[in-house]
Peer 1: 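The structure is given below, and queries will be raised subsequently.
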Amino acid sequence: MTSPWMALLALALAGGRAHPMHTTVTEVVQEDGRGQVSIQVRVYLDDLRSAVLPPDGAAAADSAMARYLRATFALADRTGRPVRLTWLGAEPTGDVILLRLRGEVPGGLAGSRVTSLVLCERFEDQVNVVRAEYAGRTTTLLFTRGETAKVLP
């Protein structure tokens, strides 16, 4: 079931050139019982470009995006051990860019800690939504500037 808040954020991310708020929507999906996790971050291209993309070429941009995302998005297992996130690349689609990562969370996502502060250092009104799917459940976490890790139930 989609909440009105999620619908508003989806509309904001799908809208035209001028967007009413600064937001990202991240999907964290546990793909199997062994803890394989795929992560996709949707962010406005112009917001990301202004924050991290260098003017000199796609390879440098890809590297800059990977470094930036690893510095502002983190996942730790239920014991607090950081999960190594592998960069899978970026795909621009209209006004949005999809940033993709993969990791392995031994024991699955339940009890894991998520931090999503993407662009919070840049925009005071930044809101980051993290939607996690694992073990037959869906959980949504919201992050704003100054917040710390939140635990997935």
Peer 1: Does the side chain of Val105 reach to within under 4.5 Å of the side chain of Tyr134, using non-hydrogen atoms?
Peer 2: no

Peer 1: Does the side chain of Glu121 reach to within under 4.5 Å of the side chain of Arg145, using non-hydrogen atoms?
Peer 2: no

Peer 1: Knowing that exactly one of Leu45, Asp46, Val41 qualifies, which makes a side-chain contact (heavy atoms from CB on, under 4.5 Å) with Ile97?
Peer 2: Leu45

Peer 1: Whether the side chain of Thr23 engages the backbone of Val127 through a donor-acceptor N/O pair (distance < 3.5 Å, no angle test) should be reported.
Peer 2: yes

Peer 1: Check for a donor-acceptor pair, side chain of Arg70 on one end and backbone N or O of Leu85 on the other, with a separation under 3.5 Å.
Peer 2: yes

Peer 1: Checking Arg78 side chain against Ala110 main chain: does a donor-acceptor pair fall under 3.5 Å?
Peer 2: yes

Peer 1: Could you tell me if the side chain of Gln36 sits less than 4.5 Å from the side chain of Arg102, heavy atoms only?
Peer 2: yes

Peer 1: A side-chain contact here means heavy atoms from C-beta on lying under 4.5 Å apart; do Val130 and Phe143 qualify?
Peer 2: yes

Peer 1: At their closest point, which heavy atom of Thr26 faces which heavy atom of Ser116, and how far apart are they?
Peer 2: OG1-OG, 4.4 Å

Peer 1: With heavy-atom distances below 4.5 Å as the criterion, would you say the side chains of Leu141 and Lys150 are in contact?
Peer 2: yes

Peer 1: Could you pull out all residues at least two apart from Arg81 that satisfy side-chain contact (heavy atoms from CB on, under 4.5 Å)?
Peer 2: Asp77, Thr79

Peer 1: Is any side-chain heavy atom of Met65 closer than 4.5 Å to one of Arg67?
Peer 2: no

Peer 1: Determine whether Leu142 and Asn128 make a side-chain contact, defined as any pair of heavy atoms from C-beta on separated by less than 4.5 Å.
Peer 2: no

Peer 1: So, taking the atom named CD in Glu27 and the one named CZ in Arg131, what distance separates them when rounded to the nearest 0.5 Å?
Peer 2: 6.0 Å

Peer 1: SG of Cys120 to NE2 of His22: how many Å apart, nearest 0.5 Å?
Peer 2: 11.5 Å

Peer 1: When you measure from the side chain of Glu91 to the backbone N and O of Leu98, does any donor-acceptor pair fall under 3.5 Å?
Peer 2: no

Peer 1: Any side-chain heavy atom of Phe73 sitting closer than 4.5 Å to one from Leu117?
Peer 2: no

